[in-house]
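Note sheet for the following structure.
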Amino acid sequence: MTHLALARKWRPRDFDSLVGQEHVVRALSHALGTKRLHHAYLFTGTRGVGKTTIARILAKALNCEHGVQARPCGECDACTGIDAGRFADCIELDAASNRGVDEMTQLLENAVYAPTAGRYKVYVIDEVHMLSTHAFNAMLKTLEEPPPHVVFVLATTDPQRVPVTVLSRCLQFNLKNMPAPAIAAHLSVVLQAEGVAHDARALDRIGRAASGSMRDALSLLDQAIAFGGGSVREAEVREMLGLVDAGWLVRLLEALVAGDGRALVEVADAMLEANAPFERALSDLAQLLQRIALARIGVLGDADDPDAVQRFAQQISAEDLQVYYQIVTHGARELALAPDAHTGFTMVLLRLLAFRPSFAAEPARGDRDASPARTAMPRIASDAPSPAAPPQPAPPQPARSQPAQSPAAPAGVAGAPAAAAPLPFDGDWPALAARLGVGGLVRQFMEQSELLAADGLRIRVRVPIRPLAEPGTVRRVRDALAAHFGAEVRLDVEVGRVQGPTAAVASAQERAQRQAQAQAAIESDPFVRTLIDEFDGSIVPGSVRPSEQRQTTGGSE
């Protein structure tokens, strides 16, 4: 006996066995039960969600020998003929290969004749958006006022390409993607009926990989049975789908939380040796970050390692999760531009590390010995203030001819000089923004904010947009200021129109001044003036750029 694929063997034969499209089933069942039938239906949705299947069930419901009903018998000649694709009055047309006006004209000419074996002639046109403009125009009149024995059932994956004149003549039903749990539950029923041993976790993997398509899920299930030698187990399914071991992702996040760049690279190298799919790794990492973000608000979804998700939810702040998620998703889109997948994946990991607040505040390795007083602020995992660490003994300082100018770390931070006096604030907020040497949102805050008042290290500022006043951002700015001044800083922030001097305005003014100087210099240059006067030339607007000042170890040039 020839093997029949599961997607064909388990294709629903009636509305009761249809999975995941209850809203469509309910509407059609009521219409059939009350005999309030329409002459044209349009089913839209992605592949494998049941468009053609529902069209065939509807054709059986209209032509069943036991009468028009929502539950066709499935045993009469009409029902079995439609299931087998040999019923004369159920005509299925693939618009992708029959898209011309000639094919449509021939179809419409035959529509005027009465059914030969059934009650209705049902025309099922799949991928109707592929019809040509002339074919659409040819069918409009018949579609609006067809003969009483004709029912059109159109199906498409791209309703935007169907003319509005066609849409207005049809009852439209949008079929939704099936959720992974519903797919997994149906696959379990199929395997129990087929007598195939399986794991629940394996079916969950297939359900998620099917992306809402039951047909794809059944095809993957067929492949998994063959791959597993007659059983469906999670390990084989993971290998078949090319999924990334969850342990790799946990190790990556642990290294990221610890700020260990070497460990991140080592994990990426180990994944390369294990032939891990880096494209899928970034996708799975984004999903893991989403589950951690949900766990922070008390929603623990389906996760491979719930304990790890809960642990990371306590260690990573909400704003950091958003930044990490954005970096990972953008990195996945840019992976094809990298020299190779491993290189691109490693750079995404290093980008995650670079945007980690405590890592961004740390000096480079080569600068740490030269500036021992510059110490990064400790990692903060929540908006609550972190407890102060016990004071540590000051490291020995080398003799210097001049006192060190580097600002001391705030009290309570490991490695801070015990006798370092806090630096005063001179009230020049734009200059402070330039000296602070921060990045990301902290830099945007410093450059766009306006100083309103300052009483020692009690500072009040105004920012132009609310995202800059989020508690997490304000906390980072406060920590950066505390690290700079070597003492606790009280920072009050309000949102409103910024009118006073800001670092961004000062920078723009400086650029404008340098541009004006460059323009004046080029216009007054004797050689340029000679070219303009003798050859009737002119300076192209916007072509003058101020030169960058460069310094070398031997002097200026």
Side-chain angles (χ1 to χ4, degrees), residues 180 205 208-209 211-212 238-239 241-296 301-305 308-309 311-313 315-362 364-365 376 379-381 438-444 467 470 472-473 476:
R205 300 288 184 189
R208 289 201 292 266
S211 300
R238 183 187 291 276
E239 183 180 357
L241 296 176
L243 299 179
V244 179
D245 189 349
W248 294 117
L249 306 181
V250 172
R251 289 177 58 189
L252 287 174
L253 286 186
E254 287 175 345
L256 179 61
V257 170
D260 192 341
R262 184 182 297 276
L264 280 174
V265 175
E266 289 176 352
V267 174
D269 292 344
M271 293 174 67
L272 177 63
E273 294 180 1
N275 198 28
F278 291 111
E279 299 86 351
R280 190 57 185 261
L282 289 175
S283 175
D284 291 351
L285 183 56
Q287 291 181 354
L288 178 57
L289 291 170
Q290 184 255 0
R291 294 189 179 98
I292 296 172
L294 291 177
R296 282 189 57 87
D302 182 22
D304 295 326
D305 192 346
V309 170
R311 185 174 72 253
F312 289 132
Q315 294 174 333
I316 307 176
S317 65
E319 58 269 22
D320 288 349
L321 284 171
Q322 295 296 328
V323 173
Y324 295 162
Y325 181 84
Q326 187 177 32
I327 291 173
V328 170
T329 53
H330 283 209
R333 291 200 298 265
E334 298 171 356
L335 199 61
L337 304 177
D340 56 78
H342 174 249
T343 300
F345 182 76
T346 304
M347 290 304 296
V348 172
L349 298 181
L350 296 180
R351 193 181 306 168
L352 289 171
L353 188 65
F355 277 83
R356 182 175 174 272
S358 58
F359 183 87
E362 293 174 1
R365 291 184 178 273
R379 182 72 169 93
I380 298 176
V438 291
L441 284 176
V442 178
R443 178 180 178 180
Q444 293 297 320
E470 292 295 329
T473 303
R476 295 182 185 179

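All values below come from the heavy atoms of this structure, side chains included, with hydrogens, waters and symmetry mates left out.
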Which heavy atom of [X] sits nearest to which heavy atom of [Y], and what is that distance?
X      : Y      : result
Met271 : Ala281 : CE-CB, 3.8 Å
Ala255 : Ala263 : CB-CB, 3.7 Å
Arg280 : Leu241 : NH1-O, 4.2 Å
Leu285 : Leu352 : CD2-CD1, 4.4 Å
Val442 : Arg476 : CG2-CB, 3.6 Å
Asp320 : Ile316 : CB-CG2, 3.8 Å

Would you compute the distance between atom [atom1] of [X] and atom [atom2] of [Y] and round it to the nearest 0.5 angstrom?
X      : Y      : atom1 : atom2 : answer
Leu256 : Leu252 : CG    : CG    : 8.5 Å
Ile292 : Phe312 : CD1   : CZ    : 6.0 Å
Arg262 : Leu353 : CZ    : CG    : 12.5 Å
Leu441 : Thr473 : CG    : OG1   : 4.5 Å
Glu279 : Asp284 : CD    : CG    : 11.5 Å

- Task: Quick one: which residue pairs count as a ring-ring contact (aromatic ring centres under 6.0 Å, His included) with a foot in residues 266-289, not counting sequence neighbours?
- Result: Phe278-His342, Phe278-Phe345
- Is it true that atom CZ of Arg311 has more than 12 heavy atoms of other residues, nucleotides or ligands lying nearer than 6.0 Å? yes
- Message: One thing to verify: whether Arg251 and Glu266 come together as a salt bridge, which I'm taking to mean a side-chain N less than 4.0 angstrom from a carboxylate O.
- Response: no
Going by atom type alone, with no hydrogens or angles, which donor-acceptor pairs under 3.5 Å involve a side-chain atom of residues 327-337 and a protein atom two or more places apart or on another chain?
{"from": "Thr329", "atom 1": "OG1", "to": "Tyr325", "atom 2": "O", "distance (Å)": "2.9"}
{"from": "Thr329", "atom 1": "OG1", "to": "Gln326", "atom 2": "O", "distance (Å)": "3.0"}
{"from": "His330", "atom 1": "NE2", "to": "Arg333", "atom 2": "NH2", "distance (Å)": "3.1"}

- Message: Within the structure provided, determine whether Leu349 and Val265 are in side-chain contact (heavy-atom separation under 4.5 Å).
- Response: no
- Message: Would you say that Val323 contacts Glu319 through its side chain, given a criterion of any heavy-atom pair below 4.5 Å between the two side chains?
- Response: no
- Query: Taking Arg443 for the side chain and Val438 for the main chain, is one N or O donor matched with an acceptor at less than 3.5 Å?
  - Reply: no
